[in-house]
Amino acid sequence: MTDANPPVRRLGDWNPEPLRDIADEHGTPTYVIDLDRVEANAARLRAAFAGADIAYAVKANTSRAVLERLAAAGVDAECAAAGEVKRALDAGFPAERVRYTAVNPPARDLNYVLGTDAAADLTVTVGAEDTLNRVAERGFDGRLCVRVNPGVGAGHHEKVSTGAEPKFGVPYERAAAVCEQARGVGNLVGIHAHVGSGVSGDDLAAHRAMVDRMGELAREVGDLSFVAVGGGFGVPYRETESPLDLDAVARSTRDALGDVNARLAIEPGRYFVADAGVLLTTVNTVKPTPETTVVGIDAGMTTLARPALYDAYHAVRSLEPDRPEKKPTRVELAGPVCETADVLGRDRRLPAPTRGDLLAVGNAGAYGYEMASNYNSRPRPAVVAVADGDARLATRRETLADVTRLES
Ligand SMILES: *Cc1c(COP(=O)(O)O)cnc(C)c1O
C-alpha cells in the first residue's frame, strides 16, 4: 500500500515524463504547480488541526489556479496586501473568509480594501494603534483583529523571523489596551501573532511560548471569536531533513493555548504549496574549471530568489532518462545574472550535465514565482498547473514586450 497523502513529497517522487512533456510544450524556465497536492496538504492540515480555522497565507503563491482550488476546499484567505485581497475575492473566497493583515499598510491599500463592497464582511488586522486610527478615520466599523508582538521569534533565516521584531504587531504590554480601543471602533473578533517563517521541530519551543502568551492575552481580553497563531510551518528543503510532525505541532499548540473561549486559527502559506511545486530549467552552458564544473542554467535569482535572498537550499535533479555512462559530477548551478548571489546551488552532484539537459528544482511552490522579478530585463517564467493528470498553462511566460510595456 502506498500512502496517497504522504507528509512530504520529495523531488525524487515527481514522475519525470509529464515534467518533460511540460518543458517540451511550454519551454523553460517554467514553474509547475500540482493542485491536487495543494489540496492534499490542506486536508492534512485540517486533519491535524481538527476544529481550527485554517487560512492560507496567499502570499506564498497567488496563482489564480491555487487560490480557486483552496477557495473551493473551504479554507480562509490570509492577505498581506490590497492586491492579495483583490486576488482572493476574484478567485472566489467569500469576504467573510478573508483576513487583511497588513504591516503598516500604505494609504492606497487601505483605501482600496476599506472601499470594496467586501469591507463589511472581511476582517482587518491592525498591528499598531496608529493603524487602528487610520482605519477608524476611514469610517470602518467592521470586523477587527489586533496583531500582537509576542516578543518571541523563530524561522529558517533571521530575515523571516518576525515574532520579536518591533516592526510587527502591537507590543505585548499594550495589546489588551489596544483591543479595548478596537472595540470602540468596530467589532473585535480576534487577536493574532506569527513567530516567523520556516519553523522546524527545533523551533517548537518558540512557537509554544508565543501561543502560551496569546492564550494568556485571550483570557484577559475575553469575548473573542478566534486566536490566530500564525503560520510558518516548515517543509524539508534538504532530502535528508525529516518532515515536520504536524500532529505534534497541533498538540503542542492546543496545549499551550490552554482553556480559551475562542477558536484556534492557523494561517500557513508555505506548507500548502511548497512541495506541490517544481521549477523546470534547462542547461545552457557547461564549463569545467579547476574548482568545479559550472553549469549555466536558464533560471536564476530573477526566477527563484530564495537562494540569493536567504541562502536557501533547493534540491535539484536531472530529468533526463538515466544514462549509466553519465558519472555523477560535482557542479555549481549558476544563473544568467552577473551577481555572485546568482547561484542556485553549490557543490551539488548531478549526472554529468550536458547542454540542453532538463533539470528540476524542488520545493519551488512557495515564494518561487511570487518573488520572481524583471531584473536584467528578464521576462518572468510561465506557470503550468497540473490537476488530475492534466497540465494547463496557468500564467503565460512574459515576453520582452511585456517587460517594457509600462513605460511612457
Ligand atoms: C508570511 C505569513 C504567514 C505565512 O508564513 P509561511 O511561512 O508561508 O507559513 C502567515 N502569517 C503572516 C502574518 C505572514 O506574514
Side-chain angles (χ1 to χ4, degrees), residues 33 38 41-42 44-45 48-49 52-63 66-67 70 75-85 88 98-105 109 123-128 131 145-150 152-165 167-170 190-201 203-204 206-207 210-211 214 226-237 243-244 246 249-250 253 264-277 305-306 309-310 312 363-371:
I33 184 84
V38 173
N41 285 337
R44 281 184 314 108
L45 285 162
F49 287 88
D53 289 355
I54 298 179
Y56 169 51
V58 308
K59 71 174 189 275
N61 188 325
T62 54
S63 174
V66 170
L67 297 184
L70 287 175
V75 305
D76 300 346
E78 163 70 37
C79 304
E84 292 184 1
V85 170
V98 172
R99 257 197 331 262
Y100 172 54
T101 303
V103 179
N104 60 62
D109 277 36
T123 300
V124 176
T125 305
V126 295
T131 307
C145 173
V146 171
R147 180 168 187 172
V148 180
N149 187 310
V152 191
H156 68 82
H157 191 278
E158 62 183 39
K159 288 183 189 168
V160 294
S161 172
T162 52
E165 174 67 39
K167 171 175 164 180
F168 303 101
V170 174
I191 54 174
H192 167 271
H194 172 66
V195 284
S197 203
V199 175
S200 68
D203 303 311
L204 216 49
H207 179 75
M210 176 274 279
V211 178
M214 292 302 281
F226 67 84
V227 180
V229 299
F233 303 161
V235 299
Y237 281 94
L244 193 65
L246 214 50
V249 176
T253 301
L264 169 66
I266 56 164
E267 52 190 38
R270 184 187 319 274
Y271 201 85
F272 279 94
V273 286
D275 72 356
R306 299 190 69 256
L309 197 56
Y310 309 127
N363 269 324
Y367 306 104
Y369 185 82
E370 289 303 311
M371 288 185 166

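All values below were derived from every heavy atom in this structure, side-chain atoms included, with hydrogens, water molecules and symmetry-related copies excluded. Treat the numbers as computed from the prediction; the structure is a model and nothing was measured. Indexing begins at 1, ligand by ligand and atom by atom, following the structure's order.
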Original post:
Does A80 have a non-hydrogen atom less than 4.0 Å from ligand 1?
Top reply: no
**OP:** Would you kindly say whether E84 and T62 are connected by a side-chain donor-acceptor distance under 3.5 Å?
**Re:** no
Subject >> From R147 atom CZ to T131 atom OG1, the distance as rounded to the nearest 0.5 Å >> reply: 11.0 Å
Original post:
Polar-atom distance check: T101 versus ligand 1, any N or O pair below 3.5 Å?
Top reply: no
Subject >> Minimum heavy-atom distance between A60 and V273, given as atom pair plus value >> reply: CB-CG2, 3.9 Å
Subject >> Any P268 heavy atom less than 4.0 Å to ligand 1 >> reply: yes
Original post:
Counting only heavy atoms, which portion of Y367 has something under 4.0 Å from ligand 1: side chain, backbone, both, or neither?
Top reply: side chain
Original post:
In terms of atom number and element, which parts of ligand 1 are under 4.0 angstrom from non-hydrogen atoms of A57?
Top reply: 3 (C), 4 (C), 10 (C)
Original post:
Would you say F168 contacts ligand 1, with heavy atoms under 4.0 Å as the rule?
Top reply: no
Original post:
Between the main-chain N or O of A81 and the side-chain N or O of D109, is there a donor-acceptor pair closer than 3.5 Å?
Top reply: no
**OP:** Would you mind telling me if ligand 1 is within reach of the side chain of E267, the backbone, both or neither, using heavy atoms under 4.0 Å?
**Re:** both
Original post:
Out of curiosity, I266 CD1 to D76 CG, how far, rounded to the nearest 0.5 Å?
Top reply: 10.5 Å
Original post:
Looking at G269, which atoms of ligand 1 are within less than 4.0 Å of one of its heavy atoms?
Top reply: 4 (C), 6 (P), 8 (O), 9 (O)
Subject >> Donor-acceptor under 3.5 Å (N149 side chain, E165 main chain) >> reply: yes
Subject >> Heteroatom proximity flag, G230 to ligand 1, N/O under 3.5 Å >> reply: no
Original post:
Relative to the ring of F233, is the ring of F49 parallel (under 30°), tilted (30 to 60°) or perpendicular (over 60°)?
Top reply: parallel
**OP:** Considering the heavy atoms of H192, write down every atom of ligand 1 situated less than 4.0 Å from one of them.
**Re:** 13 (C)
Subject >> Nitrogen or oxygen atoms of R270 and ligand 1 under 3.5 Å apart >> reply: yes
**OP:** Taking the six-membered ring for Trp and the single ring otherwise, decide whether the centroids of Y237 and Y310 are under 6.0 Å apart.
**Re:** no
Original post:
At a 4.0 Å threshold, what atoms of ligand 1 neighbour a non-hydrogen atom of R147?
Top reply: 13 (C)
